[in-house]
Amino acid sequence: MAEERRPLTTTDAGIPAPSDEHSLTAGPDGPILLQDHYLIQKMAQFNRERVPERVVHAKGAGAHGYFECSEDVSQWTKAKFLQKGKRTDVFVRFSTVAGELGSADTVRDPRGFAIKFYTEDGNYDLVGNNTPVFFIRDPQKFQDFIHSQKRRADNGLRDNNMQWDFWTLSPESAHQVTFLFSDRGTPRTYRNMNGYGSHTFTWVNAKGEAFYVKYHFKTDQGIRNFTDAEAKAMAGEDPDYHRRDLWETLARGGEASWTLQMQIMPVAQAAGYRFNPFDLTKVWPHEDYPPVVIGRMVLNRNPENFFAEVEQAAFEPSNMVPGIEPSPDKMLLGRLFSYPDTHRYRIGANYLQLPINRPQAPVHSYNRDGTMRYANPGDPVYAPNSSGGPAAAPERYGERYHLRVAGQLTRSPYTMHAEDDDFVQPRALYQKALSQTDREHLVSNIVNHVKQGVTDEVKARVIEYWRQVDGDLGKRVASGLGIRGRRDASVGAKRLV
Ligand code: NDP
């Protein structure tokens, strides 16, 4: 660029900078002066470049695109972005869970699959994973679970013993741990994996009728996974492999897409269903609720600024638009609080004004002021008021689906349904869905992991855990570890606890 056409460097206040290279000193060899405001601004700003990384899902990548609803789903929901033919902008962030900001993309871990729909009724955030279930079913255990997957207090190291100790003492984890140690725990790219809303949500139609639903975003690129060895090799070769793959695909003008299929359960069927439909460790078998295609999501545009868009993106399951409501899923209800709380801590109270989080719908709230407030509402500053300020319309936008709840305060497991058992669904996954090769890889993936640093006592529980999933699987894990399972090893109660 010709010298005269280059923009001038300025301070952040827009004042032309005195130099890109030299500090202000008393003579060429003299001390630096406090009046070098530009130098001090650069140093001070640099010291503040990092916001805290996410406690979970720190390492990720994101892309823009759209969701298009292809079917008439008005019988189940009145959500405006789910009208046939409607196209809605989305921003999607994929991530690993346990690793820190600089960790390798291809490590064994579930993957986050978070979608922000910029709808005309405000932002709808669906914050799911690449697995349809989760390790636990009560948010009381979430912090402990994550601590067991992260680092020890004494030496700052990750510890396989801690992981298996927690899992084998929490038998409800078996379904998700089976997914994790199958090759789906090491997806080849973010494009080659499915996304699941995982929780049960409620859809409500214009008549106020409610349906329990589950979201399945099926990859149009096909499922492709790394083997354990390939994933480990790639972690060394290119720790940013997944981020690079997504970026380069879109930079070349390519796209990635997913077909959205829904499972839909009339509310009246929930009480008598063979599994508790709100238990996040369970799927609804397809034969019970066959998935229905309703649309397609396409990613076609890279972010222009990684920090501003991917790092500052704030997804929160509490962002639900009219026509979509929570269900009694305890994990979902816990997350409704936890996500906005973490954003306030991580990127500030006014995070919803950051461009990536700002809704396309107009905002007329009475919230105001606070750190880094950008757009501030004027008068009136309160509701109700007689000066023409915004007014809610509860008859149109109040919760439509009124779940009838009654019960004594308690700290209890979920109500048990006829077939509720912690091992029945991982058993179905192992016996019905996994191929012979998948099963072999599952065994070797488990054995390779347990061989590293797991005590004999926990190993015995590991074998019992897998024996309860499938007798032969337990035997194969035991033989891979070169030990026989102790019959007295306990993996906790078999039923819901
Ligand atoms: P189905 O035979 O109807 O479906 C099995 C499903 O398993 C497939 O549709 C596929 O789901 C998934 N699957 C296939 N291969 C693998 C694999 N290698 N690793 C992980 N998942 C795989 O059976 P059910 O609906 O009765 O479910 C049986 C088991 O399948 C469940 O216990 C659960 O573990 C697993 N599963 C079930 C899902 C559900 O929502 N019902 C979703 C995913 C897994 P997909 O097309 O979503 O990849």
Side-chain angles (χ1 to χ4, degrees), residues 108-111 113 126 128-135 137 171-201 211-228 230-231 257-265 269-270 273-294 296-297 327 329 417-446 465-466 468-470 473 496:
R108 183 170 307 286
D109 213 356
R111 298 298 187 282
F113 196 110
L126 188 68
N129 280 328
N130 70 335
T131 58
V133 292
F134 197 63
F135 299 90
R137 57 170 73 95
E172 72 271 30
S173 64
H175 198 184
Q176 175 78 328
V177 176
T178 310
F179 271 94
L180 179 62
F181 280 87
S182 79
D183 286 346
R184 286 201 185 191
T186 49
R188 184 166 283 265
T189 74
Y190 287 139
R191 297 176 298 115
N192 292 111
M193 62 187 201
N194 292 340
Y196 302 87
S198 307
H199 297 289
T200 296
F201 296 90
F211 302 84
Y212 292 129
V213 299
K214 282 188 181 286
Y215 294 75
H216 303 249
F217 285 85
K218 299 289 193 71
T219 171
D220 293 331
Q221 291 69 237
I223 298 267
R224 289 182 70 204
N225 301 312
F226 279 130
T227 63
D228 198 44
E230 288 169 338
S257 69
W258 286 261
T259 298
L260 174 57
Q261 302 181 357
M262 300 297 299
Q263 287 183 291
I264 300 168
M265 174 190 291
Q269 294 178 9
Y273 185 46
R274 58 187 175 127
F275 299 111
N276 188 313
F278 310 115
D279 175 356
L280 184 57
T281 70
K282 299 279 191 305
V283 295
W284 301 349
H286 291 160
E287 65 189 357
D288 296 348
Y289 293 96
V292 183
V293 171
I294 73 150
R296 185 163 167 262
M297 181 173 77
S327 80
D329 176 336
H417 287 222
E419 294 180 36
D420 276 333
D421 173 304
D422 287 330
F423 296 98
V424 66
Q425 291 201 353
R427 187 174 305 130
L429 175 59
Y430 180 74
Q431 294 178 351
K432 193 170 142 188
L434 298 192
S435 67
Q436 189 60 36
T437 308
D438 290 334
R439 288 200 280 263
E440 282 162 17
H441 288 191
L442 174 68
V443 172
S444 58
N445 294 344
I446 294 168
Y465 182 87
W466 293 112
Q468 294 213 41
V469 172
D470 178 274
L473 173 59
L496 293 182

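Remember, it's 1-based here, ligands and their atoms both numbered in the order they're listed.
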Kindly write out the residues that satisfy side-chain contact (heavy atoms from CB on, under 4.5 Å) with Asn129, not counting sequence neighbours, or none if the list is empty.
His57, Thr131, Phe134, Ser198
Just by distance, do the side chain of Asn445 and the backbone of Phe181 share a donor-acceptor pair under 3.5 Å?
yes
With sequence neighbours left out, write down each residue that passes salt bridge (Lys or Arg N to Asp or Glu O under 4.0 Å) with Asp438, or none if nothing qualifies.
none
Mind checking side-chain contact (heavy atoms from CB on, under 4.5 Å) for Arg224 and listing every partner two or more places apart, or none if nothing turns up?
Arg188, Asn192
By chain and number, the residues contacting ligand 1 below 4.0 angstrom (heavy atoms only) are Pro132, His175, Phe179, Arg184, Asn194, Tyr196, His216, Lys218, Gln263, Val283, Trp284, Pro285, His286, Gln425, Ala428, Leu429, Lys432, Ala433, Leu434, Asp438
Do Glu419 side-chain atoms and Arg274 backbone N/O form a donor-acceptor pair below 3.5 Å?
no
Are Arg111 and Pro187 side-chain neighbours, meaning at least one heavy-atom pair lies under 4.5 Å?
yes
